[in-house]
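Okay, so here's the structure we're looking at.
Fair warning: this is a prediction, and the values are worked out from it, not measured in the lab. All chains are named by letter (A, B, ...) in the order of the sequence lines, taking the proteins before the strands, and each is independently numbered beginning at 1.
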Number of protein chains: 2
Amino acid sequence: MADAHDNRRRQILDSALALADEHGLHAVSMRALASRLGVTPMALYPHIGGKEGLLDGLVDRLLAELIPASVAPGDPQTRLFGIARAARTLARSHPSAYPLLLSRPAVAPDAVRVVDAMYSVLLDVGVPPEQVPRVERLVSTFVLGYATSEVNGRFRAGTLNPMTRRGQLSPEELPAHTALAGVLEPAPDFDAEFEADLADLLFMIKQRWA
Amino acid sequence: MADAHDNRRRQILDSALALADEHGLHAVSMRALASRLGVTPMALYPHIGGKEGLLDGLVDRLLAELIPASVAPGDPQTRLFGIARAARTLARSHPSAYPLLLSRPAVAPDAVRVVDAMYSVLLDVGVPPEQVPRVERLVSTFVLGYATSEVNGRFRAGTLNPMTRRGQLSPEELPAHTALAGVLEPAPDFDAEFEADLADLLFMIKQRWA
DNA sequence: ACCTGAACACCGTTCAAGT
DNA sequence: ACCTGAACACCGTTCAAGT
């Protein structure tokens, strides 16, 4: 069912994603994209419908890359970890475009397939049907938020390093930081941390309903 | 210790936030901001150091509004819910600027105070010290991600409504959606959902360590 | 149906100049 | 120290015109 128009649209979105990967999201302008495709800016409009439509298309383009992980077989725990790890890996492949995933709804069929896979995992693990949509939003929000925080530098040293921090405020003003002085790491292992977080969330789900 | 320069800086950031609240983040341009302050764009540079510095300043400005909730007394559970609710309420007050919280690190003293309050809650609730920074990132990532998803429309009907969804794909391709046909709500109560999510996270923390 | 090219109303940031 | 004003190299989108 993919006609010429759809193919052209995908071609444009691929170019836009490449542009973002190479030069950052700020470099994805209608003009730069058109010039990369050897065309006039206005030639893009029938296919992607303006800048907002382009960014929406990029979200669908990104989520489509999670399909393989979503259809992979295995027990519920394996599938949950597989989808979550794929979602975080995606952030490393496309760090500039990734934050768009939290900034607009995903409406394409491929996006719905990923949600369906998560619903299926949660049903299989024993979450009551009426709670499944809520728990899916909880887990997907955590996963997207974590990966977004990483690529955007929200966890980086400035906020994390107790030395930098404590320079600005007296220890009495930061009692918990002071109490934790011995364990505050300047550069945590985020791979291990993400795994521990997923394990905690799965623990919660199982304790509550399994 | 607040000199004239700091006061001017805060005045500029207040104006930028008001501009975002009234006309959206896209309307926060150096030129529009300068014009609102009756000054030339270049006059802003010594105070906020360009567009990126302005956005970083906005993040600190937003987090400063969480200080009252952070210093409020009470048992750990009350304080955790208080900070989390304040963080979500902040999104409703400043929906356009809010997503910046996930997009850049917070470095100002006020931001560190909020983290310290969360550390204190987690220590009081029984989380082992070496796990506190990780669990703080887990909880804060969920809270910021959830509120960001809400204001950005990631949870909105297009993605959620099973009718809209199922129109694009056959039921056989979405087995879990089909199984959940009776419980998929077109417009969930996000206030109640957020409360339930917080309760689940606190349940997890207590079950694991209390 | 699809694309062009000129035009309009904007951007962020530089630089040299003023006080 | 703080601000101005002109200039440079960009934006997204409109419109009328071409094929």
Side-chain angles (χ1 to χ4, degrees), chain A residues 1-61 96-97 99-100 103-105 152-153, chain B residues 1-61 96-97 99-100 103-105 152-153:
Chain A
M1 285 301 125
D3 59 8
H5 190 273
D6 284 345
N7 286 335
R8 182 64 173 148
R9 176 184 158 82
R10 193 153 52 212
Q11 193 182 132
I12 291 171
L13 292 177
D14 286 350
S15 261
L17 188 53
L19 208 44
D21 291 343
E22 290 163 24
H23 302 106
L25 197 58
H26 73 273
V28 182
S29 67
M30 296 296 284
R31 297 174 109 110
L33 180 55
S35 136
R36 173 186 259 257
L37 290 159
V39 101
T40 265
M42 287 314 297
L44 305 174
Y45 278 72
H47 301 100
I48 48 93
K51 186 68 181 286
E52 290 302 298
L54 172 65
L55 299 179
D56 287 340
L58 237 23
V59 167
D60 296 331
R61 188 37 260 264
S96 300
L100 291 173
S103 78
R104 46 232 308 144
N152 280 339
Chain B
M1 283 297 130
D3 59 8
H5 190 274
D6 283 345
N7 287 336
R8 181 66 173 147
R9 177 184 157 81
R10 192 153 52 212
Q11 191 183 135
I12 292 171
L13 292 176
D14 287 349
S15 261
L17 188 54
L19 208 43
D21 291 344
E22 290 163 24
H23 302 106
L25 197 58
H26 73 274
V28 182
S29 67
M30 297 295 286
R31 297 175 109 110
L33 180 56
S35 138
R36 173 185 259 257
L37 290 160
V39 100
T40 265
M42 288 314 298
L44 305 174
Y45 277 72
H47 300 101
I48 49 93
K51 185 67 182 283
E52 290 303 298
L54 172 63
L55 298 179
D56 288 340
L58 237 22
V59 167
D60 296 330
R61 191 31 263 263
S96 300
L100 291 173
S103 78
R104 46 231 310 143
N152 279 340

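- Proximity of Arg104(B) to Glu52(B): side-chain heavy atoms (C-beta onward) are separated by under 4.5 Å at one or more points.
- Here the P atom of nucleotide dC2(C) and the CG atom of Asn7(A) are 12 Å apart, to the nearest Å.
- Here dC3(C) is the nucleotide among dC3(C), dT13(C), dT4(D) with the atom lying nearest to any side-chain atom of Val39(A).
- With distances taken from any side-chain atom of Ala43(A) to the nucleotides dC3(C), dC2(D), dT13(C), the minimum falls on dC3(C).
- Using a 4.0 Å cut-off, no side-chain N or O of Thr40(B) falls inside it from OP1 or OP2 of dC3(D).
- Judged by closest nucleotide on DNA chain C, Gly38(A) is the one of Gly38(A) and Glu52(B) placed further toward the 5' end.
- Residue Tyr45(B) contributes atom OH, which lies 17 Å from atom P of dC2(D) at whole-angstrom precision.
- Side-chain atoms of His5(B) come within 3.5 Å of backbone N or O of Pro46(B) as a donor-acceptor pair.
- Nucleic acid contact class of Met42(A) (heavy atoms, under 4.0 Å, all strands): base.
- Note: CG (Leu33(B)) to C1' (dC11(C)) measures 14 Å, nearest angstrom.
- Set against dA7(D), dT13(D), dT4(D), the side chain of Arg31(B) has dA7(D) as its closest nucleotide.
- Within the nucleic acid shown, His47(A) comes within 4.0 Å of sugar-phosphate atoms alone, with no base atom in reach, counting heavy atoms only.
- The backbone N or O of Ala43(A) lies less than 3.5 Å from no partner atom in the side chain of Thr40(A), so there is not a single donor-acceptor pair.
- We find that NE2 of His26(B) is positioned 17 Å from P of dA9(C), with the value rounded to whole Å.
- As rounded to whole Å, 15 Å separates atom P of dC10(D) from atom NZ of Lys51(A).
- Protein atom CZ of Arg9(A) is 19 Å distant from nucleotide atom P of dA1(C), rounded to whole Å.
- Stem regions annotated for DNA chain D: C:4-8 with D:12-16, C:12-16 with D:4-8, counting only runs of 3 or more consecutive pairs of Watson-Crick or G-U type with both contacts under 3.5 Å.
- Nearest approach of Ala97(A) to Ala20(A), heavy atoms of both residues: CB-CB, 4.4 Å.
- One atom, NE2 of His23(B), and another, C1' of dC10(C), lie 16 Å apart when rounded to the nearest Å.
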Inset, instruction - Could you check Leu13(B) against Asp60(B) for side-chain contact (heavy atoms from CB on, under 4.5 Å), going step by step and ending with a plain yes or no? - result: CA-CA 10 Å; Leu13(B) 292 176; Asp60(B) 296 330; over 6 Å; no
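- Rounded to an integer number of Å, the gap from Met30(B) CE to dC8(D) P is 21 Å.
- Asp6(A) contributes atom CG, which lies 12.5 Å from atom CD of Gln11(A) (distance to the nearest 0.5 angstrom).
- The closest donor-acceptor contact from the side chain of Ser15(B) to the backbone of Ile12(B) lies at 3.5 Å or more, if one exists at all.
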